[in-house]
Amino acid sequence: MPTSTRTRTPDMPRVLGIDPGSRATGFGVVDGEGAQLVYRGSGVIRTGSGDLPERLRQIFEGVSAVIAEQTPDYLAVEQVFVQRNVSTALKLGQARGTAICAGAIRGLPIHEYSPRAVKLALTGTGTAAKDQVQMMVRHLLGLHGQLQEDASDALAIALCHLQQSRLGIRTQTALASQWGRKS
């Protein structure tokens, strides 16, 4: 999908969203301020079926390469959703930790969101189906066609962070004005 030709401004933060997985880690990059959202890119880091340490290295290098290319201001990562299979949850946690380390080494502020919080931010309900979330991602970013599922989830995480950031700034401003302080 093409990226926007608009240039980045200092008041428009860039967020790298990560949907961690031990075999497929989605990433999505969005610039945003207020209602203005700009899609910058997305994709999936595929690691194959090798040993877990080798897959974690590939995730680290892949996320590091995206950070170097896209120069995000923030890293937003989905929290681990514990399923029935403990082994799968542990591998997912290790993939997530690897992506977080790639951002932390580069000094990025790291923000974590539950799957429910991401769904709620994009659709208004924490129980939305994946296709509803993907539809909102395409709508908000003006994208056409099908997105890879992991990439779409990563873009949703980035969009969730931008929304949460705006809410935090509004809350700080409201509290400061209530108490007669400037934010």
Side-chain angles (χ1 to χ4, degrees), residues 1-4 8 13-32 37-83 85-119 121-122 130-131 133-138 140-141 143-162 164:
M1 282 175 220
T3 58
S4 172
R8 182 175 176 192
R14 179 167 292 172
V15 179
L16 169 59
I18 297 289
D19 179 36
S22 65
R23 296 186 191 276
T25 293
F27 66 89
V29 183
V30 178
D31 292 352
L37 298 169
V38 181
Y39 170 83
R40 291 297 177 189
S42 62
V44 179
I45 301 163
R46 299 209 182 273
T47 63
S49 59
D51 292 339
L52 183 61
E54 173 59 21
R55 293 192 324 242
L56 296 176
R57 182 191 61 76
Q58 291 173 9
I59 293 167
F60 181 84
E61 289 177 354
V63 172
S64 295
V66 172
I67 291 169
E69 180 183 319
Q70 294 285 347
T71 62
D73 300 304
Y74 302 96
L75 180 69
V77 183
E78 188 171 62
Q79 292 175 339
V80 173
F81 176 72
V82 179
Q83 300 171 348
N85 187 332
V86 175
S87 176
T88 301
L90 288 171
K91 289 177 185 172
L92 180 60
Q94 290 172 324
R96 185 176 169 278
T98 299
I100 288 171
C101 282
I105 284 173
R106 282 149 189 88
L108 292 177
I110 312 291
H111 300 272
E112 305 171 67
Y113 299 97
S114 70
R116 183 175 179 85
V118 174
K119 292 175 182 181
L122 266 70
K130 280 200 175 267
D131 62 330
V133 174
Q134 189 174 88
M135 182 186 73
M136 285 305 297
V137 166
R138 286 194 319 265
L140 290 169
L141 296 175
L143 302 175
H144 303 285
Q146 196 69 14
L147 289 167
Q148 296 177 71
E149 186 175 305
D150 296 307
S152 176
D153 290 348
L155 287 166
I157 295 161
L159 290 167
C160 174
H161 175 73
L162 287 168
Q164 295 299 318

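Only this structure's heavy atoms are used, side chains among them; waters, hydrogens and symmetry mates stay out.
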Asks: Check Ala158 against Gly17 and note the closest heavy-atom contact, atom names and distance.
Replies: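 Smallest interatomic distance, heavy atoms only, reads CB-N, 3.8 Å.
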Asks: Return yes when atom NZ of Lys91 has more than 12 non-hydrogen atoms of other residues, nucleotides or ligands closer than 6.0 Å, and no otherwise.
Replies: no
Asks: Is the shortest heavy-atom distance from the side chain of Pro72 to the side chain of Val15 under 4.5 Å?
Replies: no
Asks: For Ile18 and Glu78, run side-chain contact (heavy atoms from CB on, under 4.5 Å): C-alpha distance rounded to whole Å, both residues' side-chain angles, the deciding distance at 0.1 Å, then the answer.
Replies: CA-CA 7 Å; Ile18 297 289; Glu78 188 171 62; over 6 Å; no
Asks: Starting at CG of Asp131, measure out to OG of Ser152 and round the result to the nearest 0.5 Å.
Replies: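 Those atoms lie 10.0 Å apart.
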Asks: At their closest point, which heavy atom of Ala89 faces which heavy atom of Val80, and how far apart are they?
Replies: O-CG1, 4.1 Å
Asks: Using every non-hydrogen atom in the two residues, find where Ile59 and Gly21 come nearest and quote the distance to one decimal.
Replies: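 So the minimum-distance heavy-atom pair works out to CD1-O, 3.4 Å.
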Asks: Closer than 3.5 angstrom, by distance alone: can the side chain of Tyr113 be matched with the main-chain N or O of Arg116 as a donor-acceptor pair?
Replies: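 No: the side chain of Tyr113 does not pair with the backbone of Arg116.
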Asks: List in chain and number order the residues that pass ring pair (Phe, Tyr, Trp, His ring centres under 6.0 Å) with Tyr74, two or more places apart in sequence or in another chain; answer none if no residue qualifies.
Replies: His111, His161
Asks: Quick check: does any side chain N or O of Arg138 sit under 3.5 Å from a backbone N or O of His144, one acting as donor and the other as acceptor?
Replies: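 It does not hold such a pair.
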Asks: I need the Ile110 CD1 to Leu75 CG distance, nearest 0.5 Å.
Replies: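 With rounding to 0.5 Å, CD1 (Ile110) is 4.0 Å from CG (Leu75).
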Asks: Check side-chain contact (heavy atoms from CB on, under 4.5 Å) between Gln79 and all other residues, then give those that pass, not counting sequence neighbours.
Replies: Arg96, Glu112, Ser114
Asks: Kindly write out the residues that satisfy side-chain contact (heavy atoms from CB on, under 4.5 Å) with Ser49, not counting sequence neighbours, or none if the list is empty.
Replies: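 Residues passing side-chain contact (heavy atoms from CB on, under 4.5 Å) with Ser49: Arg23.
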Asks: Could you note down all residue pairs passing ring-ring contact (aromatic ring centres under 6.0 Å, His included) where residues 43-66 supplies at least one of them, sequence neighbours left out?
Replies: none
Asks: Quick one: does Val66's side chain get under 4.5 Å of Val29's, heavy atoms only?
Replies: yes
Asks: Phe27 versus Val44: any side-chain heavy-atom pair under 4.5 Å?
Replies: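 No, their side chains stay 4.5 Å or more apart.
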Asks: Enter the distance from Ser87:OG to Leu92:CG here, rounded to the nearest 0.5 Å.
Replies: 11.0 Å
Asks: For a 4.5 angstrom cut-off between non-hydrogen side-chain atoms, does Gln164 reach Leu162?
Replies: no
Asks: Looking only at non-hydrogen atoms, find the nearest pair between Ala117 and Cys160 and report the distance.
Replies: O-SG, 3.9 Å
Asks: Could you pull out every donor-acceptor pair under 3.5 Å between side chains of residues 97-106 and any protein atom, sequence neighbours left out?
Replies:
from   : atom 1 : to     : atom 2 : distance (Å)
Thr98  : OG1    : Gln94  : O      : 2.8
Arg106 : NH1    : Ser64  : OG     : 3.3
Arg106 : NH1    : Ala102 : O      : 2.9
Arg106 : NH2    : Ser64  : OG     : 3.2

Asks: Nearest 0.5 Å, please: how far is CG in Leu147 from CG in Leu141?
Replies: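 If I round to the nearest 0.5 Å, the distance is 8.5 Å.
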Asks: So which pairs with a foot in residues 41-53 pass salt bridge (Lys or Arg N to Asp or Glu O under 4.0 Å), sequence neighbours left out?
Replies: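 Every candidate salt bridge (Lys or Arg N to Asp or Glu O under 4.0 Å) pair involving residues 41-53 fails, so no pair, neighbours aside, qualifies.
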Asks: Ignoring hydrogens, what is the shortest heavy-atom contact between Ala151 and Gly43? Give both atom names and the distance.
Replies: CB-O, 3.7 Å
Asks: Just to verify, what does Gln58 make a side-chain contact (heavy atoms from CB on, under 4.5 Å) with, not counting sequence neighbours?
Replies: Thr47, Glu54
Asks: Look up atom CG in Leu122 and atom CE in Met135, then write down how far apart they are to the nearest 0.5 Å.
Replies: 10.5 Å
Asks: In sequence, state the C-alpha distance, the side-chain angles, and the governing distance for Asp73 and Arg14, and then conclude on salt bridge (charged side-chain N to carboxylate O under 4.0 Å, His left out).
Replies: CA-CA 5 Å; Asp73 300 304; Arg14 179 167 292 172; over 6 Å; no
Asks: Please report the C-alpha distance between Leu155 and Val30 in whole Å, then the side-chain angles of each, then the deciding distance to 0.1 Å, and finally whether the side-chain contact (heavy atoms from CB on, under 4.5 Å) criterion is met.
Replies: CA-CA 7 Å; Leu155 287 166; Val30 178; 3.7 Å; yes
Asks: Show every ring-ring contact (aromatic ring centres under 6.0 Å, His included) that has at least one partner inside residues 85-104, sequence neighbours left out.
Replies: none
Asks: Looking at residues at least two apart in the chain, or sitting in another chain, which of them share a salt bridge (Lys or Arg N to Asp or Glu O under 4.0 Å) with Asp153?
Replies: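 Asp153 satisfies salt bridge (Lys or Arg N to Asp or Glu O under 4.0 Å) with Lys130 once adjacent residues are dropped.
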Asks: I want to check something: taking the side chain as every heavy atom from C-beta on, are Leu37 and Asp31 in contact at a cut-off of under 4.5 Å?
Replies: no
Asks: Restricting to salt bridge (Lys or Arg N to Asp or Glu O under 4.0 Å), what partner residues turn up for Glu61, sequence neighbours left out?
Replies: Arg57
